[in-house]
Amino acid sequence: MRFLALFAFVSVLGCGAPPGGKAPAAIGTLPPASSPAARSASGSVSASASANDVAVPSGTFAIHIPPSAKWPLELAAPALAFGAEQTTLVAERGTAAIAHIEPLASRWSTAPFVNVHLLPQQITAPRLLASSIPNVRVQALHDGESIAFRLVWNDDTPNGNVASGMFTDAAAVQLPIDAAASPMMGHPGGRVQILHWKALWQKDQDVGFQDVHTLYPNIWSDLYWFSPSAHPHPVQDIAADPYGRAWLIALSAGNSVALVNRSTPAQELIAEGFGTLTAQPESATTARGVWFDNTWVLVIERPLKTADPLDAPLSSGGKTQAAFAIWNGGDGNVGARKHWSAWVDLEVAK
Amino acid sequence: MAKVKNWQIGRDMEYPIAHTPPKKQVTYIFDINKCIECQTCTVACKTGWTSGKGQEHVFYNNVETKPYGGYPQQWDVKLLASRDLVKWKRGTLTTPTIFEDHAPLDPPTGHRPTEDDYASPNLGEDDIFGRVDRGAHVDGQHPMWMFYLARICNHCEHPACLAACPRKAIYKREEDGIVLIDQERCRGYQECIKACPYKKTFFNMVSRTSEKCIGCYPRVENGEVALCVESCIGKIRMHGFSVPNAEPDPKNPIDLIVKIRKLALPLYPQFGTSPNVFYIPPIHVPEEFLEQMFGPNVHAAKELYRRVSKDRELLGALLLFGASTRIITRFEVQGDEAVGWDATGAEVARVPMVERAFERERFDEKHGTFRHNLM
Ligand code: SF4
Ligand code: SF4
Ligand code: SF4
């Protein structure tokens with residue numbers, strides 16, 4: 001027998017938007033919010049929640065559909081072009097500034113590329129059993145100040161959300177900090193720097209943070225402790241409130257994956273072996289990825305010289321290596337379930 | 001792979017990580033026969049720990065109706081159906097656990113619930129097994145059955161969630177065996193969600209990390225029972241400790257009920273995680289069904305429960321369920337009372353072995369009226 005309605009807290013999660021940017025249903029009726037059971041249950045727990053008072057709507061309720069329905073951003077059918085194919089990745093030096101170079105800037109169409117072969121990761125648990133991304137075309141450019149890598153790979157579904165069983169597309173450029181570091185995320189004593197981009201973070205930038213109501217437009221919850229605002233209780237408002245923030249546990253613990261106001265869709269990390277991946281508190285790396293025509297085109301950019309000893313050394317005229325990883329979120333790729341490459345020689349032209 | 005002891009399956013077992021058991025292990029006993037599915041436990045936990053944005057579908061505690069209910073939907077049926085039939089021989093599991101039936105580089109055998117599986121916590125609620133045909137009436141025991149299964153994280157001795165985490169963000173505390181996800185290290189790979197056979201880790205789509213029952217550790221550190229235990233209306237729950245691999249202590253009510261009398265049984269011991277929530281099986285439910293859920297000792301446990309009034313020590317331990325907000329670590333039957341003490345040695349519960357009852361005269365002289373008992 002049920003004396004309290006569990007649905008006081010949960011509206012129907014499953015009736016929301018499909019992932020991947022298809023337009024969700026525009027209007028929802030919300031039986032849980034207007035049912036007497038939901039109200040009485042909320043009354044029983046909200047005695048000390050006066051700061052939390054919410055006007056409970058009744059009947060049909062029009063949900064504001066955020067612009068996330070329009071993601072990936074639509075581009076004017078660009079043509080992709082590359083320079084000559086090579087086996088060593090050469091970052092050519094140009095005079096035009098590299099900072100904030102666009103993924104479809106015309107300079108990329110003459111820059112040479114390396115066709116980097118990718119294998120499913122099967123060295124450590126958990127393995128990726130089947131490959132869905134066999135290769136990534138990689139180019140590099142620099143201007144003496146910054147270096148940019150352009151990664152282009154085929155993926156017919158752009159995945160920029162995460163939820164239970166839902167994963168994001170992603171990519172990474174790996175550079176050795178210590179010479180002879182293992183290409184497989186380094187080894188003890190052999191550190192690597194990883195420049196990481198996620199479609200999830202790109203989508204956060206492009207159309208706003210993935211909040212509960214952006215993924216599930218019909219969501220209703222009658223209580224978020226200490227939320228300073230009303231339905232749909234944007235998470236940024238809650239994060240800005242010192243008491244509300246305490247309910248965002250990973251964010252309160254300082255976990256960088258939980259940031260709600262990221263300034264760039266990229267993150268710098270270091271590793272010295274499997275399971276040691278550690279995010280850097282300060283990140284000079286930026287990125288921008290666009291998707292069109294079943295293809296991701298991503299630029300990841302980093303200053304050439306930095307004062308940070310945990311940045312992989314790069315310099316004009318220098319030689320080093322780079323390795324690449326791609327995750328296909330639609331195929332359940334996440335963490336170690338990824339496609340990766342061996343080291344590719346990288347020359348930064350004088 | 002390492003060899004570890006798993007007393008619940010009567011043998012040693014392969015487990016991906018060599019680990020030493022905690023000094024003591026937080027342990028719970030739930031008496032299914034007494035649960036009324038009021039969900040007070042669920043609401044207590046939800047209000048206390050998971051009312052945040054992104055936790056809408058997170059129920060560290062849930063109560064579902066068996067045989068058809070489950071949250072997330074079919075959490076157990078999907079795993080059972082994907083594996084071979086389980087075989088026991090004289091108390092020993094002869095078929096492989098979820099740690100032993102796959103290639104060395106694969107995580108524990110599991111499945112990933114879909115979003116829809118989290119959408120309806122109450123589906124299957126109060127549905128009975130069997131059909132009520134025309135002319136059906138009560139004649140002794142009902143042929144139809146169902147029962148309520150209250151579930152929290154089992155703070156397993158060999159956690160599958162921990163074994164599956166490639167970042168080692170999940171740890172088991174040495175002092176009390178509580179299993180936690182480090183919210184600073186987790187990067188939301190959801191491997192624990194796939195691996196936990198009980199589906200007691202959840203993905204938070206706002207924090208983008210996985211979260212799980214925290215065993216009310218701030219309360220346990222102060223000797224207090226968990227929120228879901230304290231709030232239980234049916235007093236079906238006992239919260240305590242047991243020392244792994246030690247001689248069971250008959251003065252510890254948990255040890256007496258679980259390890260000495262074997263009245264309470266682990267849920268799906270065949271999975272191999274050695275869960276630490278023990279259930280007194282519902283005595284009205286057919287054994288074929290219960291044996292799949294609670295292993296081969298179901299018949300003995302049901303028989304013992306029927307005769308429990310003849311076992312004064314056991315009865316005393318059972319009467320201490322829900323009797324204190326403090327964790328009872330030692331108890332005794334003194335005359336016609338059961339007495340419980342907490343870890344500091346303070347007496348925290350004293351309950352009569354027989355509930356006092358008064359039979360009143362049928363006719364009330366003072367008011368000149370008959371007394372009616374409407375029950
Ligand atoms: S509070 Fe107790 S009786 Fe009520 S549903 Fe929970 S376990 Fe069952
Ligand atoms: S029940 Fe699941 S989440 Fe809890 S310790 Fe066991 S494996 Fe981990
Ligand atoms: S032990 Fe605490 S955190 Fe875990 S289910 Fe019970 S109330 Fe919730």
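Keep in mind that what you see is a predicted model, and the values were worked out from it rather than measured.
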Colleague: So which part of B/Arg167 gets closer than 4.5 Å to some heavy atom of chain A, the side chain, the backbone, both or neither?
Modeller: both
Colleague: Please list, chain by chain and in numerical order, all residues satisfying salt bridge (Lys or Arg N to Asp or Glu O under 4.0 Å) with A/Asp204, sequence neighbours excluded.
Modeller: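 A/Asp204 satisfies salt bridge (Lys or Arg N to Asp or Glu O under 4.0 Å) with B/Arg208 once adjacent residues are dropped.
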Colleague: With rounding to the nearest 0.5 angstrom, report the OG to CD distance, A/Ser252 to B/Glu184.
Modeller: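 Between A/Ser252 OG and B/Glu184 CD, I get 11.5 Å after rounding to 0.5 Å.
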Colleague: Check A/Arg127 against B/Ala103 and note the closest heavy-atom contact, atom names and distance.
Modeller: NH2-CB, 4.0 Å
Colleague: Under a 4.5 Å heavy-atom cut-off, does chain B meet the side chain of A/Thr124, its backbone, both or neither?
Modeller: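 Contact with chain B: backbone only.
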Colleague: Is it the case that over 12 heavy atoms from other parts of the model lie below 6.0 angstrom from the OH atom of B/Tyr68?
Modeller: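 Buried by this count: over 12 neighbours within 6.0 Å.
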Colleague: Checking A/Leu248 against chain B: side chain, backbone, both or neither under 4.5 Å from a heavy atom?
Modeller: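 For A/Leu248, the side chain is the part near chain B, not the backbone.
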Colleague: Under 4.5 Å heavy-atom distance to chain B, tell me which part of A/Leu277 shows up: side chain, backbone, both or neither.
Modeller: both
Colleague: If you look at every heavy atom in B/Lys53 and A/Pro232, which pair is closest and at what distance?
Modeller: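 Distance-wise, the nearest heavy atoms are NZ-O, 2.9 Å.
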Colleague: Mind checking side-chain hydrogen bond (donor to acceptor under 3.5 Å, both in side chains) for B/Arg185 and listing every partner two or more places apart, or none if nothing turns up?
Modeller: none
Colleague: How close do B/Tyr189 and A/Phe167 get, heavy atom to heavy atom, and via which atoms?
Modeller: O-CE2, 3.8 Å
Colleague: Flag yes if more than 12 heavy atoms outside B/Lys235 fall under 6.0 Å of its NZ atom; otherwise flag no.
Modeller: no
Colleague: Is there side-chain contact between B/Ser51 and A/Trp247, with heavy atoms separated by less than 4.5 Å?
Modeller: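 Of all side-chain heavy-atom pairs linking A/Trp247 with B/Ser51, at least one is under 4.5 Å.
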Colleague: State, to 0.1 Å, how close A/Ala163 and B/Gln190 come at their nearest heavy-atom pair, and which atoms those are.
Modeller: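 Where A/Ala163 meets B/Gln190 most closely, the heavy atoms are O-NE2, 2.8 Å.
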Colleague: Answer whether the closest heavy-atom distance between the side chains of A/Tyr216 and B/Glu115 falls below 4.5 Å.
Modeller: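 Counting from C-beta outward, A/Tyr216 and B/Glu115 do come under 4.5 Å.
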Colleague: Run the side-chain hydrogen bond (donor to acceptor under 3.5 Å, both in side chains) test against B/Ser207 and tell me which residues pass, sequence neighbours left out.
Modeller: B/Thr209
Colleague: Please name the pair of heavy atoms, one in B/Met205 and one in A/Gln210, separated by the smallest distance, quoted to 0.1 Å.
Modeller: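 Heavy-atom minimum between the residues: O-NE2, 3.1 Å.
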Colleague: Counting only heavy atoms not in B/Tyr171, do more than 12 fall under 6.0 Å of its OH?
Modeller: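 Result for OH/B/Tyr171: enclosed.
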Colleague: Give the member of A/Gly275, A/Ala250, A/Ala258 that has the highest number of heavy-atom pairs under 4.5 Å with chain B.
Modeller: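 Among A/Gly275, A/Ala250, A/Ala258, the one with the most close pairs to chain B is A/Ala250.
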Colleague: Would you name the heavy atoms of A/Ser164 and B/His57 that are closest together and state the gap between them?
Modeller: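 Heavy-atom minimum between the residues: OG-NE2, 3.7 Å.
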Colleague: Measuring heavy-atom distances to chain A, does B/Glu191 have an atom under 4.5 Å in its side chain, in its backbone, in both, or in neither?
Modeller: side chain
Colleague: Highest number of heavy-atom pairs under 4.5 Å with chain A: which of B/Arg112, B/Lys168, B/Arg187?
Modeller: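 Result: the option with the highest number of such pairs is B/Arg187.
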Colleague: Name the option with the most non-hydrogen atom pairs under 4.5 Å to chain A; the candidates are B/Cys165, B/Cys186, B/Pro113.
Modeller: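 Max contact count across the listed options: B/Cys186.
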Colleague: Quick one: which residues of residues 234-246 of chain A reach chain B at under 4.5 angstrom, heavy atoms only?
Modeller: A/Pro234, A/Val235, A/Ile238
Colleague: Is it true that a side-chain atom of A/Trp225 and a backbone atom of B/Gly48 form a donor plus acceptor pair closer than 3.5 Å?
Modeller: no
Colleague: Under 3.5 Å, is there a donor-acceptor pair between the A/Tyr224 and B/Gln55 side chains?
Modeller: no
Colleague: Top residue by heavy-atom pair count (under 4.5 Å) with chain B, among A/Asp211, A/Thr276, A/Leu129?
Modeller: A/Asp211
